[in-house]
Each structure stands twice: as C-alpha cells, then as structure tokens.
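Read the numbers this way: they start at 1 and go in the same order the structure lists the ligands and their atoms. Values in this document were obtained by computation on a predicted structure and should not be read as measured data.
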Amino acid sequence: MTETGRLLIVHGPNLNLLGTREPEIYGAETLEDINELCRSTAAERGFAVDTVQSNHEGELVDAIQAARGAQEGIVINPAAYTHTSVAIADALKAVDLPVIEVHLSNVHAREAFRQHSFVSPLASAVIAGAGSNGYRFAVEHLISLLEQQD
Ligand code: DQA
C-alpha cells in the first residue's frame, strides 16, 4: 500500500457522554479515550482513523455517505439508532465498504428492544460486550479484512 489507508469510526447518540453515562454499563473511558485507542491501534498497522460522533441521525447518514472515496472501511457503534434506523443501514449498504459493528455492552443480555439490529445484517463482524476493547478488536479485524482484499 503506497498511501496510508483510512478508517472511519462512527459513534451514535449519547456516546459523547461516555465516562459519565451509566459507567456500570458503558465503562469509565471517555469517547476521546476510545478514539485514541482506535488511533493507536490503527497506527500500529499503518492506518489512520477519522472519527465522528453525532446525536443526529441525518448527520450520521451524511458522514457514512462521505466515506465512499475517503475511507476504506467503517467501525460503527450506532448506539440507540442500531435498533431503529433504516436510514443508517441504507447508507451503510449504499457505500459498500466493509463494516464492523461495535457495542460496549452485551446488548443480547439486556432489554428485548436492544436485541434487534438493522446494521448487523450488513456487518462483516459484530462485537458486543467487550467494552472499549471491542473497538480495538474491530479496528484490528477491519484492517485484516482490508489487507486480505489487497
Ligand atoms: C450501545 C447499546 C445500545 O443499545 C445503546 O442504545 C447505546 C450504546 C452500546 O455500545 O452498548 O447507546 O450501542
């Protein structure tokens, strides 16, 4: 690879509050801690990351659409939009890039409404319940997939 590959890390609503939001469920690390973890994990493999967080569905759709041509793959924690957003799922399908879905908590051990994801059918892998490590695993796996494509 001659140029540095880029990954997009997408964080959905309320993840800006990480560190103070229900830390017994979502952990003590802040969103910036998680972004730094993604950056350092990617850098070890020669990749760069761009990060976006929004509480607004349309802004997330815009960021996903803009990934085509700008990034090679997407790690996404759609947060509550996981369970509701056809628009985010459609955008991910439209850009046709490899997608890894991450959840800090084990959504399958929680309320029934968290157990359906519109994103999972499009994802190459789904990581739930590993806390912030899940992002590290996601970045590593996404890079492995991209390297296999080359
Ligand atoms: C979450 C799980 C979702 O159900 C919830 O709405 C979130 C965070 C997680 O990372 O565990 O906001 O995606």
Check: Any donor and acceptor pair, going by atom type alone, linking the side chain of Glu101 with main-chain N or O of Ser120 inside 3.5 Å?
Finding: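 Yes.
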Notebook entry, point to check: Any sub-3.5 Å donor-acceptor pair from Ser85's side-chain atoms to Thr82's backbone N or O?
Noted result: no
Checklist line | Under 4.0 Å from ligand 1 - residues by heavy atom, chain and number | finding: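 Ligand 1 pocket, heavy atoms under 4.0 Å: Arg21, Tyr26, Asn77, Ala79, Ala80, His83, His103, Leu104, Ser105, Val107, Arg114.
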Next item on the list: Fit a plane to each ring of Phe113 and His83, take the angle between them on a 0 to 90° scale, and name the class: parallel (under 30°), tilted (30 to 60°) or perpendicular (over 60°).
Entry: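 Geometry flag for His83 against Phe113: perpendicular rings.
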Margin query: With no hydrogens and no angle check, just 3.5 Å: does a side-chain donor-acceptor pair link Gln53 and Asn55?
Written below: yes
Next item on the list: Evaluate the ring-ring contact (aromatic ring centres under 6.0 Å, His included) criterion for residues Tyr81 and His56: first the C-alpha distance (whole Å), next the side-chain angles of each, then the deciding distance (0.1 Å), finally the verdict.
Entry: CA-CA 10 Å; Tyr81 288 140; His56 303 277; 9.0 Å; no
Next item on the list: Kindly determine whether Ile34 and Thr30 satisfy side-chain contact (heavy atoms from CB on, under 4.5 Å), including the steps that lead there.
Entry: CA-CA 6 Å; Ile34 287 174; Thr30 66; over 6 Å; no
